[in-house]
Amino acid sequence: MAEPMGFFTDTTVCIGCKACEVACKSWNQISSTNGGQNVLSGDSYDNTRKLDGEHWRHVKFIEQFSEDRVSESRWLMMSDVCKHCVQAGCLEVCPTGAIIRTEFDTVVIQQDACIGCRACLPACPFGVIDINPVTHTAQKCTLCYDRMQVGMTPACAQACPTASIQFGPLVQLRKKAEDRVAQLHSQGKEEAYIYGDEAILGGLNSFYLLVDNPEVYGLPVAPKLPSRNLWRSSFAAAFGAAVLGLWGLVSLRTRKRGAKAEGPSSGDGGGDGGKKGAAP
Amino acid sequence: MRDVLFTAPAHWHWLIVVYFFFGGLSAGSYVLGALLHLFGGAQERPASRLGYLVSLPALLACPPLLIVDLDRPERFWHLFLWSQRPGVMFKWWSPMSIGSWALLLFGAFSFVSFVGALSADPWRPSWLPERLAVLGRGIWGKVLAAGGAGFAFFIAGYTGVLLSVTNRPLWAETPLLGLLFTASAMAASAALVGFVASRRGGAFVPALPWLSRMEHAAALLELLVLLLFLAWLGPAVAAWRGPYGVLLGMAVLLGLVAPLALTLVRARGHAARGRAARGEASGAARGEMSGEAPGGGHEVTALGVGLVLAGSLALRAAIVLASEALGHA
Amino acid sequence: MGISRRDFFRVSTGTALGGLVGLGVNLAPATARAEALRIKDTKAHPSVCPYCAVGCGTVVHAANNQVVHVEGDVRSPVNQGNLCPKGAAIYQLHVNPNRLTKVLRRAPGATQWEEWDLERAMDRVAELTRKTRDETFVERDPKGKTLNHSLGIFSLGGATMDNEWNHVQQKLMRGLGVVAIENQARI
Amino acid sequence: MHSDCIVIEGSNMAECHPVAFRWVMQAKLAGATVIHVDPRFTRTSAMADIHAPLRAGTDIAFLGGLIHHVIEHEKYFKEYVVHYTNAATLVRDDFKDTEELEGVFSGLHGYDGDPLNGFVGQYDTASWQYVSGDTGTQRAGDGAMTGQVSQNPAKRGDMAGKGPEVGANPPPQGPPFDGMVRAMKKPPPPRDETLQDPRCVFQIVKRHFSRYTPEMVERVTGCPKDVFLKVAEAITRNSNPERTTAFCYAVGWTQHTYGPQLIGTCAMLQLLLGNIGRPGGGILALRGHATIQGSTDIPTLYHSIHGYMPALSTLKQHETLADYLKTETLPASYWSNTPKFFVSYLKSMYGAAATVENDFGYGWHPRIAGDHSHLPMTIAMMEGRVKGMFAMGQNPAVGAQNARLQRKALAKLEWLVVKDNFETETAAFWRTSPEVQNGELKTEEIQTEVFLFPSAQVGEMDGSFTNTQRLVQWHAKAADPPGDCRSDLWFTVHLGKRLKAHYAASTLPRDQGIKHLVWDFDADHPEPGSRIPDEPDARKVLREVNGYRSADGRHLTSAAELKDDGSTTCASWIYCGIYPEPGKNLAESRVPDAPEGPQTHLGWAFAWPSNRRTLYNRASARPDGKPWSERKKYVWWDGKRWTGHDVPDFPLTKAPDAPAKPDAIGLDAHAGTDPFILKVDGKGWLFAPTGLVDGPLPTHYEPVESPVQNPLYKQQTSPVLKMWRRDDNVIASQDPRYPHVLTTYRLTEHHLSGVMSRWLPWLAELQPELFVELSPELAGAHGIDNLDLVRIATPRGAITAKALVTRRMRPLQIDGKTVHQVGLPWHWGYQGLVTGEVVNNLSALVGDPNVSIHEGKAFVCNVEKA
């Protein structure tokens, strides 16, 4: 197996230019929202709104300004992408084996296998996957699997003008990220931290340097695998089945006993008629 | 903000809701048939067969719904076979994979039981050999019923588990949906089978009281689980502010409260009339003359089954669609 | 310390799930798959981004007289493979269903375009240019100073074209006597 | 990247030049301070250490404040200022500053020329001259014809220093012209290197900016005093032998009625701080089009011909070749070679027909007679004086000022040829423009014959672009264009062939220019596999630009080979050397430095002149030739010659202690300590005696449209700006109906008028609709919510846009009064995948007097909920 590869996205140097979004589309030949005829969102400069089947990269814009523009004036930007989780929810639930883990430890949806059942969409803790309206299959970032196989940098990382998106072997990226956090801390920016270390789903192969809470960037604080619910939900269902099954059994038995004990009563008169009717 | 709100909806809409509904009916009917078959007496055999007879038609609605809902329907077979190499595709930890297989296998059970039941039914079509009734008889029939009931319970519950094994709001926030859907399926099926039995009357009547009790038990369980579910969700129930809340209200009022109340009222009326009848001379004749169905107040009216079925559908719709509307839609 | 937490996670997930699988599903952590590279059979042509004046180096991949892909040139000291969103969209300048491929001509007073043959249109433009130039040419100003110019024709544009075009355009215009030559450099 | 402090002002660099911004971010990661001075909080501000807000159009006050701070606190780089600038040079006694004349300089009088030129006044610049060399004959107003458009301040005034140097000695009339140039030589002006003489430039500058205090800066610009002082502290801390500060600007500075003066203010500041010609210093102009530099060098601009030589003009002494050369040659400085450049240019025009006897065809060459730039030509079109128009890759129906007037002017044309990739707003003005929609124009009544030629795109043709750092890069043809799409070169070359055929037999004198025009660009062999066999050879064009020996066609290798006797043919002396031999087109060169190399990448493409990457880099060494510091080492004297990381911009063997030769011409007239080789005195100019028609020093004037009275002077606006007073070009200032400042700008996701972006789905979806940025304070006052439709009105018109209410916009306190700013990106039009109203419907036709650059950034407006 090749070395695990990934992205380190340093949001403190992201200028929100969206080159990553377009470079991704250009390489992967992805269509645009309504053929490009989109509508203004009114949410800062974000008009593509989210990661989905047509947007494998998405830049978020977060305006943080106090009324006086002095005590707080920040415009945070972040290029979001599939996290290529070490423990991947999408990979778990995919019923066709279309989603695979590659030799680079990345997660890829094989387009020729996907049936568009959409099980992976709600499974992803980050809401990364959606159906592409042209291919009608589930799509997300492949970390440019095809480019990686020939030693090329993924399109977005290559295009990124400020090296906010860095690509490379994870071991090196983690080191770079640590150094960058240390540098920011030494400059008094204590709020800088890494999102996506091993505490999160065993490590995100695409991880981020953030300067505010994850929710501010639209990221879950403690993302979980969907399979956490598999056993407990199944047990609950089985419990229900058992209760009702037993109840059925018991009530059938008691009815028989009760019927014998009570004997024919006026109320069961009709029942007798039924019995007769059912007799062969 | 809850972590589940950062996830994407599955675009599972009415096709899936309706599938959940029919899947539940099919499974529940089969379970009822099997319970009557396995543990009931001879007088309940017709009603047992009725369960099987209801199960298969309800099940037949499911595969088209599911396949049509796929974005690449022509590839549905990837659920069962590897698409890129020979081999069977099965992932037991993927609810959808296991659900697909369960549906396939349950379909086989349901089909055989259906044929067996139909062959023994007064309405047997002439082209169907009567001897096929053997499929539902004897130890073979019992084994079939037991196996089928297992799969049926699975089908009834896995749809809820499927929703739970995600990261979506409302779905993945409790482990109760499998249980809730199981109970709901049983309640709705009991009402449906009870209704058909009531309509056909005669030999199908003796099972009515038990079906009624099953319905009430399941409905009560459903109500309890639903309350637990809502309590568990806590402030997240705010998701039902709006149109999906109306659906949920309908599910509770129409599907649970109204039928229970209706039954209660009728049972009281029946009991009162029973007392009155006992005080008079020819009670039985009186009872028959009064137009009372012969189920002892356990017969199911069109209104009753309509309410329960609508409630069951509304419950699934309320849960599926309310979650779909949340998160980064 | 031989095994990192990461590996541990993978192994534990793999065995917890994979160990119990009975029906031939391969849960091995990695599945390699040969991907077809879009630019495998193309020729790479060094190029430059046509948008702003930073001059980012690009590579245009083409095959069979068709542009297949455009991306930043990693060798370029200007951009080292980086591009902005516009540069990253160069491909759609070339391959775009909205692109015109025929000469359109609108007759005076007409409400519709009509498609014209390229050579015919060129002849017509040459004729119009000659006519207007000859009609508006002034050799001397009222004081007798040499003018040799025509102010009846205005040539606008150039900053988005090639240097070579700029040379021939200003040369042709000045050869004809057209002096109202402008481009976006003033904008 | 080598800077220690980077000030971005008049530019939204992160948004408009993201890839250039990478170097800023790399410098920042290496510890540099990044400052953004801008009316809006943009994506650039988001990355900056300091964002200094200011009112649109008040940058001269801000920069003037910095100059005041630097001089007042003696933070200037003394040794640099004394030796490398004209700070010590003495100016005439009769010069009067704005401090004395309430906001105007000495020499102001009314304008009496053609009203089409638009001037509201003009200066006689005689009193602005140095104590000697002050012939002062150049009339103000001619500046618009001589001033160049280049946004590169390093060249500011370069060409212009010429006028006053013209001597009266009788010159010889033919080549060689050296004697004539020598006869024009003047002695250098007197200097006071103690900088104490009240007539010296330094003292004049000090007095001029004496009232630009931090308090005044706050009053005028609205930038809080403490923020301004933080900026001042950062740039002075980072400007010394060890450290350098760079400025980056774009059209936020140029597009004002005092645009060139604004650049000049920055150039002054950078000279005072010693940041010109040094690594990590300088002033970077960020230009907006792929070859906007190339189209200025190879000028499709009316006022200049190749290599920044002024266009032949009836407004100057240009009647004969000798007249022209006498007027335009600077005896001292590199411009002493003008005769060689110009004669070689004429040879490129007329070839063998250009002979000594006919002054190399000088008489055939057309002359300009006024301002023929875009603004007055629009008026001329409106008046029916222009009959035909080529709009080549430009879209004035959206991109030009007062676009309504522009479109109505298009309807007056007899014919219009548009060449573009899509059906632009300009091409479709007769059918989909708002004027047609609202009935002002009727399609059936528009008599314009319109052609729309589909274009080849960059990957479909050979050619070169010159980037904003003068780097000429070739792009190779990768595929044929589809259908009838043709390269732009194909169009013009084939049009030229048709026209030349028409005039081939003419004997009329007026037709001799076109008849003899050298027009040999056909490819020797059609490209194999191409559908287009008659595609011209772009390299043949480049060869003509580069130059060759007239006799045998051998390529020239450098401008030093040029002759003034017709033996060399060269269109552009500054591009000479780009194509030194057949098969060796340096624009195609693609050899970057290795990672451990000097990172000047001399093997990657070609930077004019002579592949030099930093101009005036002699200034990166001390007067004695040693580097200012080890950290900022770039070009230095090694004892025998100049050497370093770049091609030295200096005579290679001229020692640092070489004295200026009093009788010499050219660079010999400069000393070994004079780095600014294109300047007549070899110095950087803190005071511009020539070259600018609106003052030798920058002065804060209010934009033509402003909500406030100029707090600094009685004079409200530039006294010599260009304005066309018409009913369809009404101006309002300090008008209560239009209380807010309106500024326009661009976004990363779109390109200019949107032709190259609004038709591309990938870009269209990113910014799909026109919006107007408003502060919550302003929006609240008008009851406007986010995404509401808003009507924005100026005296020229009104448009609607969706509101984007954001605290990134902030109200400012100007002279005690709250001023709101309204922001509009201007990329939209009525054609394309995504459309929107044309923001330039709101802008006005007003311009700067030097180069006719329009005002694009500061107007007044009103807003209301639509």
Side-chain angles (χ1 to χ4, degrees), chain C residues 45 47-48 50-51 53-56 60 62 65 67 75 77 79 82 84 89 92-94 98 100-101 104-106 108-109 111 118 126 128 132 145 147-149 152-170 172 175-177 179-186, chain D residues 18-20 149 287 289-290 292 294-296 298 300 302 314 366 368 372 374 377 386-394 415 443 447 449-450 452 454 457-459 463-465 467-468 473 475-476 478-480 482-484 488-489 492 496 498 514 517 538 541 592 601 604 751 759-760 762-763:
Chain C
H45 302 264
S47 190
V48 186
Y51 286 95
V54 171
C56 295
V60 178
N65 234 342
V67 173
R75 301 170 306 160
N79 57 314
N82 298 167
C84 76
Q92 279 191 338
L93 280 179
H94 296 79
N98 305 308
L100 297 166
T101 56
L104 298 180
R105 183 253 188 184
R106 182 256 181 186
T111 57
L118 177 62
L128 288 168
T132 305
K145 281 184 158 183
L147 279 174
N148 269 349
H149 77 198
I153 298 176
F154 180 33
S155 164
L156 184 65
T160 58
M161 323 291 259
D162 290 336
N163 288 332
E164 290 69 26
W165 178 83
N166 277 278
H167 177 65
V168 296
Q169 178 75 2
Q170 62 89 31
L172 177 62
L176 289 166
V179 289
I181 310 168
E182 279 284 277
N183 68 40
Q184 297 93 327
R186 228 176 278 282
Chain D
V19 181
V149 181
R287 311 193 67 182
H289 303 72
I292 194 153
S295 64
T296 316
I298 299 171
T300 43
Y302 84 95
T314 56
I368 59 174
H372 306 312
H374 195 165
M377 288 312 284
V386 177
K387 314 274 185 215
M389 174 170 172
F390 295 95
M392 313 286 284
Q394 189 165 349
W415 53 270
T443 299
Q447 290 305 307
E449 183 171 354
V450 186
L452 176 53
Q457 292 301 297
V458 61
S464 65
F465 294 141
N467 84 351
T468 195
Q473 301 184 99
H475 56 84
D480 271 345
D484 284 344
D488 310 312
L489 193 62
T492 299
R498 282 167 166 78
I514 181 73
L517 199 69
V541 182
H601 303 286
W604 185 273
H751 188 244
W759 291 90
L760 277 49
W762 290 334
L763 295 176

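Model, not experiment: these values are computed from the prediction. Residue numbers start from 1 in every chain, and the chains themselves are labelled A, B, ... in the order their sequence lines are given, proteins ahead of strands.
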I need the minimum non-hydrogen distance between [X] and [Y], along with the two atoms involved.
{"X": "T296(D)", "Y": "A185(C)", "value": "OG1-CB, 3.4 Å"}
{"X": "P50(C)", "Y": "V458(D)", "value": "CG-CG1, 3.7 Å"}
{"X": "Q184(C)", "Y": "G393(D)", "value": "NE2-O, 3.1 Å"}
{"X": "Y51(C)", "Y": "L760(D)", "value": "OH-CD2, 3.3 Å"}

Quick check against the 3.5 Å criterion: does [X] have a side-chain atom that pairs as donor or acceptor with the backbone of [Y]?
{"X": "Q457(D)", "Y": "H94(C)", "answer": "no"}
{"X": "N183(C)", "Y": "S295(D)", "answer": "yes"}
{"X": "T492(D)", "Y": "V168(C)", "answer": "no"}

Heavy-atom distance under 4.5 Å between the side chains of [X] and [Y], does that happen here?
{"X": "D162(C)", "Y": "D488(D)", "result": "no"}
{"X": "I153(C)", "Y": "F390(D)", "result": "yes"}
{"X": "I514(D)", "Y": "L172(C)", "result": "yes"}

Looking at [options], which one has more heavy-atom pairs under 4.5 Å with chain C than the rest?
{"options": "A538(D), P482(D), A391(D), G294(D)", "value": "P482(D)"}
{"options": "G496(D), G463(D), P592(D)", "value": "G463(D)"}
{"options": "V541(D), N467(D), V450(D), V19(D)", "value": "V450(D)"}
{"options": "E449(D), Q473(D), Q447(D)", "value": "E449(D)"}

Could you give the distance from [atom1] ([X]) to [atom2] ([Y]), rounded to the nearest 0.5 Å?
{"X": "F465(D)", "Y": "N163(C)", "atom1": "CZ", "atom2": "CG", "answer": "8.5 Å"}
{"X": "T443(D)", "Y": "R106(C)", "atom1": "OG1", "atom2": "CZ", "answer": "6.5 Å"}
{"X": "L100(C)", "Y": "D484(D)", "atom1": "CG", "atom2": "CG", "answer": "11.0 Å"}
{"X": "H374(D)", "Y": "F154(C)", "atom1": "NE2", "atom2": "CZ", "answer": "5.0 Å"}
{"X": "L763(D)", "Y": "Q92(C)", "atom1": "CG", "atom2": "CD", "answer": "7.0 Å"}
{"X": "Y302(D)", "Y": "S155(C)", "atom1": "OH", "atom2": "OG", "answer": "15.0 Å"}

Options [options], ranked by heavy-atom pairs under 4.5 Å with chain D, top entry:
{"options": "L93(C), L176(C), T160(C)", "answer": "L93(C)"}
{"options": "V60(C), V54(C), N65(C), V67(C)", "answer": "N65(C)"}
{"options": "Q170(C), H149(C), R105(C)", "answer": "R105(C)"}
{"options": "G109(C), C84(C), C56(C)", "answer": "G109(C)"}

Checking [X] against chain C: side chain, backbone, both or neither under 4.5 Å from a heavy atom?
{"X": "W604(D)", "answer": "side chain"}
{"X": "H601(D)", "answer": "side chain"}
{"X": "M389(D)", "answer": "both"}

### Query
Can you tell me if S464(D) and E164(C) form a side-chain donor-acceptor pair at under 3.5 Å?
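Note: S464(D) and E164(C) side chains meet the donor-acceptor criterion.
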### Query
Who are the side-chain hydrogen bond (donor to acceptor under 3.5 Å, both in side chains) partners of T132(C), not counting sequence neighbours?
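In terms of side-chain hydrogen bond (donor to acceptor under 3.5 Å, both in side chains), with neighbours along the sequence ignored, T132(C) is linked to W415(D).
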